[in-house]
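Here is the structure we will look at.
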There are 2 protein chains.
Amino acid sequence: MNDELRRNLALFPIGIVQKLTELTARQIRYYEQHHLIQPARTEGNQRLFSFNDVERLLEIKKLIDQGINIAGVKKMIGTQTVPSELPSIDQPDEAVAKTKEMSDEELHELLKQELVLRGRPGTQGSLIQGELSRFFH
Amino acid sequence: MNDELRRNLALFPIGIVQKLTELTARQIRYYEQHHLIQPARTEGNQRLFSFNDVERLLEIKKLIDQGINIAGVKKMIGTQTVPSELPSIDQPDEAVAKTKEMSDEELHELLKQELVLRGRPGTQGSLIQGELSRFFH
DNA sequence: ATGCAGATGTTATAAAGAATTACATGAATT
DNA sequence: AATTCATGTAATTCTTTATAACATCTGCAT
């Protein structure tokens, strides 16, 4: 449910994605040109990739390595129209206030802040919790 | 077990970490100076943060926001001596060959490549699998 | 064989992002 | 008032990324 949100959070620069996927920057940009992925951008226009993007790139690579061309890949995994979401910081306050009527935006906010916090010795991850424990575990 | 590995993978540049934690770059570097975190570095010496690093930073922020000073934070969450690990690409071949006697390094390798791949329509995440399904789910 | 399209490499140039260092500042302590 | 802690700010340099143009290679159709 917000698993999707997490996987869509744009977090990695292209350099990291290169290492994770063993694709060249050239390839990654080329695949973007063909709408196989649609990474987010920073204010300065630099690409930021989500886990979903990396996942798709790994799938693409697998198919490419099998000799399938871009057209084929498109048919098999479709094209991407919605860009991955930037982690943006808005109103860091009222987060705790509302709990029921949280808009998607606000939830997104909370998510970011609690993103990685789980039950650690001496830590009490707030509101969310079960939602986030899934992240790694 | 390799959950730890995943959480230690250095993936984020400082800009992203700023947004995720709402700390300034100045603060993040200052905390590093005081060994509260020890992010990895790129070849070009730029910091790369792992989920663990972000997690620790969120804890630090929480304590700081409560008025606790660095000395106090150190006592409470300890200092960091081992840097987060860089995702490095080595021998992309023999990955499939060995399955039993995989060194930690090799497993690390595999992990990176399969990092985000899970059961997707039309996808068959290789070897690992159970190990990785935990990542998000 | 020739030519073309697809996929990727390479190079040049500009801009964004980040590193380090030094100095400034506000608050709390002595 | 002087000092220390935590952070802001500014200057400079280096790294990383973006775009665009051109080069190369491969497979296929002529």
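Below, chains carry the letters A, B, ... as their sequence lines are ordered, and counting in each starts from 1. Every value quoted in this text rests on a predicted model; they were computed, and no experiment measured them.
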From CG of A:N69 over to C1' of C:dT8, roughly how many Å is that when rounded to an integer? 14 Å
Taking CD1 from B:I68 and P from D:dC5, how many angstroms apart are they, rounded to a whole number? 18 Å
A:E22 CD to C:dT8 C1', in whole Å, measures 17 Å
Hits for ring-ring contact (aromatic ring centres under 6.0 Å, His included) against A:F12, two or more places apart or cross-chain, chain-then-number order -> A:F51, B:F12
Got a donor-acceptor contact below 3.5 angstrom from the A:R41 side chain to the A:L48 backbone? no
Starting from C1' on C:dT8, measure out to CD1 on A:I70 and report it in whole angstrom. 10 Å
Report the distance from atom CD1 of B:I60 to atom C1' of D:dA6, rounded to the nearest whole Å. 14 Å
Is the distance from OP1 or OP2 of C:dA7 to the nearest side-chain N or O of A:Y31 less than 4.0 Å? no
Determine the sole option in B:E32, B:R47, B:R29 for which the side chain to side chain contact (heavy atoms under 4.5 Å, CB included) test with B:I37 is passed. B:E32
Does OP1 or OP2 of C:dA7 have a side-chain N or O of A:Y30 closer than 4.0 Å? yes
For the atom pair CD (B:E22) and CG (B:L57), what is the distance rounded to the nearest 0.5 Å? 13.0 Å
Within the 4.0 Å limit for protein heavy atoms, which parts of nucleotides 10-30 of chain D are touched? Write it as a string from 5' to 3', B for base, S for sugar-phosphate only, - for none. -----BSSSB-----------
Atom CD of B:Q33 to atom C1' of D:dG8: distance rounded to whole Å? 15 Å
Do the charged groups of B:K19 and A:E43 touch, with an N to O distance under 4.0 Å? no
Check whether B:S50 reaches the backbone of B:S84 with its side chain - one donor and one acceptor, N or O, closer than 3.5 Å. no
